[in-house]
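Just below is one structure, and these are the notes that go with it.
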Amino acid sequence: MIRLSGIRKAYGRTVALDGLELEVEEGEFFCLLGPSGAGKTTTLKTVAGLEPPDTGTVALDGKDMRGVEPYDRGVAMCFESYALYPHRSAYDNLASPLRSPRHRLPAAEARQRIGAVAELLGISGLLDRPVGQLSNGQRQRVALGRVLVRPARAFLLDEPLSHLDAKLRQQMRAELKAIGAVQHTTTLYVTHDSVEALALGDRIGVIREGRITQTGTREEIWYQPYDTEVARAFGRPRINLLPGVVTESGVRSDGGVDLPVRAQAAPGTDVLVGLRPRDIALQGEGHELTGTVYVTEVLGRSVEVTVRLGTGEQRVSLVVPRADAARLRPDDPVRLVVRPENLLLFEADRPERPGRRIETQP
Ligand SMILES: Nc1ncnc2c1ncn2[C@@H]1O[C@H](COP(=O)(O)OP(=O)(O)OP(=O)(O)O)[C@@H](O)[C@H]1O
């Protein structure tokens with residue numbers, strides 16, 4: 001179990017962590033998601049003991065880590081900028097953690113462990129090659145393997161798949177969680193890729209400017225985002241956020257489009273209505289919206305259609321199967337359908353902070 005409380009860390013005048021609170025349960029796979037500079041790597045280094053916090057405490061398995069050296073914390077960390085021995089073979093690089101006095105294993109057991117990890121990472125055929133001769137993606141997998149071969153109290157992984165091409169990345173993502181060691185070991189996994197976080201995380205923590213904005217399961221993050229920024233971070237194409245005003249019966253968006261969302265907010269409140277592109281359809285049951293086609297863009301098997309609503313001031317994008325969009329041309333009138341339960345509601349964004357989610361009534 002990893003627990004960070006009240007962590008503050010500044011580098012000169014840059015505040016990297018600003019009162020960070022984070023708890024990763026025993027055996028959990030926890031994804032820390034945030035944009036560049038949010039403090040993700042600093043969080044991992046703080047857990048590993050590579051950066052002492054200015055204030056706050058780090059506890060591993062309930063034990064305060066103050067004064068405990070990185071080597072003695074029992075965590076295995078993989079950096080994005082991996083430190084490997086370039087002249088040594090991939091095998092040697094994988095084996096080196098198992099040669100340390102702390103983790104020494106009988107040779108046969110070490111070989112077996114390395115073989116199993118290499119197999120899962122798809123690098124069995126590269127084990128004899130010097131790491132300096134491998135591609136970035138291959139090196140990254142060796143670096144990840146080096147972390148996973150040794151028993152640890154926790155794995156700390158910093159964007160371990162970032163150098164892989166899309167296909168391999170997707171494949172490795174699926175395999176990573178199937179690795180026995182990963183299943184049994186508390187893992188804190190850093191990424192700026194929301195698809196990766198949703199695919200991998202038992203829970204996800206969204207970090208922004210050195211603080212955790214929201215922690216939750218993928219369902220909680222998706223259906224109950226804390227604010228518009230969390231809502232924008234998940235889902236591609238991005239969530240539609242339509243500005244409007246709370247009325248007696250729902251929300252009237254700018255341009256006069258009525259949306260059936262009942263807010264726990266006073267009439268007249270400025271709000272944003274959130275509509276995910278995959279929750280808008282061209283047919284079916286639900287609340288109807290009318291508009292005209294603005295543009296269509298093919299995304300493989302589906303098509304993103306952008307529609308001007310009502311008088312045209314508001315645009316929404318939706319994702320529909322290619323067959324359904326085949327007949328659509330710019331300026332064609334269209335009818336859209338949304339299910340009221342899929343509508344999210346937020347306060348309007350303010351300069352000082354993104355709009356928070358507002359509870360809605362069924
Ligand atoms: N050694 C350092 N010296 C000075 N500033 C630093 C140092 N390390 C990090 N920072 C600053 O602290 C902030 C957080 O950095 P951090 O590396 O934790 O972000 P990150 O979320 O991991 O970003 P990325 O996704 O780009 O790796 C940034 O503003 C960064 O510039």
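Residue numbers count from 1 along this sequence. From a predicted model like this one, the values you see are computed outputs, not experimental measurements. Both ligands and their constituent atoms are indexed starting at 1 by order of listing.
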Using non-hydrogen atoms of the residue, decide whether Gly39 is closer than 4.0 angstrom to ligand 1.
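It does, in that a heavy atom of Gly39 comes within the 4.0 Å cut-off of ligand 1.
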
Given Arg13, Glu209, Lys40, which one has a non-hydrogen atom that is nearest to atom 20 (P) of ligand 1?
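Checking each option, the heavy atom nearest atom 20 (P) of ligand 1 is found in Lys40.
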
Under 3.5 Å, N or O to N or O, is Thr14 touching ligand 1 that way?
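There is no such contact.
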
Please confirm whether Thr41 comes within less than 3.5 Å of ligand 1 when only nitrogen or oxygen atoms on both sides are compared.
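Right, the criterion is met.
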
Mark up the atoms of ligand 1 that fall under 4.0 Å of a heavy atom belonging to Pro35, in ascending order.
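Counting atoms of ligand 1 from 1, those under 4.0 Å from Pro35 are 21 (O).
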
Contact partition for Thr42 relative to ligand 1, non-hydrogen atoms under 4.0 Å
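Under 4.0 Å from ligand 1, Thr42 contributes backbone and side-chain atoms.
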
Ignoring hydrogens and geometry, is there a side-chain-to-backbone donor-acceptor pair from Asp61 to Lys63 under 3.5 Å?
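No: the side chain of Asp61 does not pair with the backbone of Lys63.
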
With a 3.5 Å distance limit and no angle check, can you tell me whether Asp332 reaches the backbone of Val293 through a side-chain donor-acceptor pair?
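Looks like no, no N/O pair under 3.5 Å.
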
Between Arg315 and Tyr294, is NZ or CZ placed under 6.0 angstrom from the six-membered ring centre and within 45° of the ring axis?
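Relative to the ring axis of Tyr294, which defines the angle, Arg315 lies inside both limits.
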
For the residue pair Asp193 and Glu159, establish whether any side-chain heavy-atom pair is separated by less than 4.5 Å.
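Side-chain contact under 4.5 Å: no.
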
For Arg203, the option from Glu23, Glu28, Glu220 that meets side chain to side chain donor-acceptor pair (under 3.5 Å):
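Output: one option passes, namely Glu28.
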
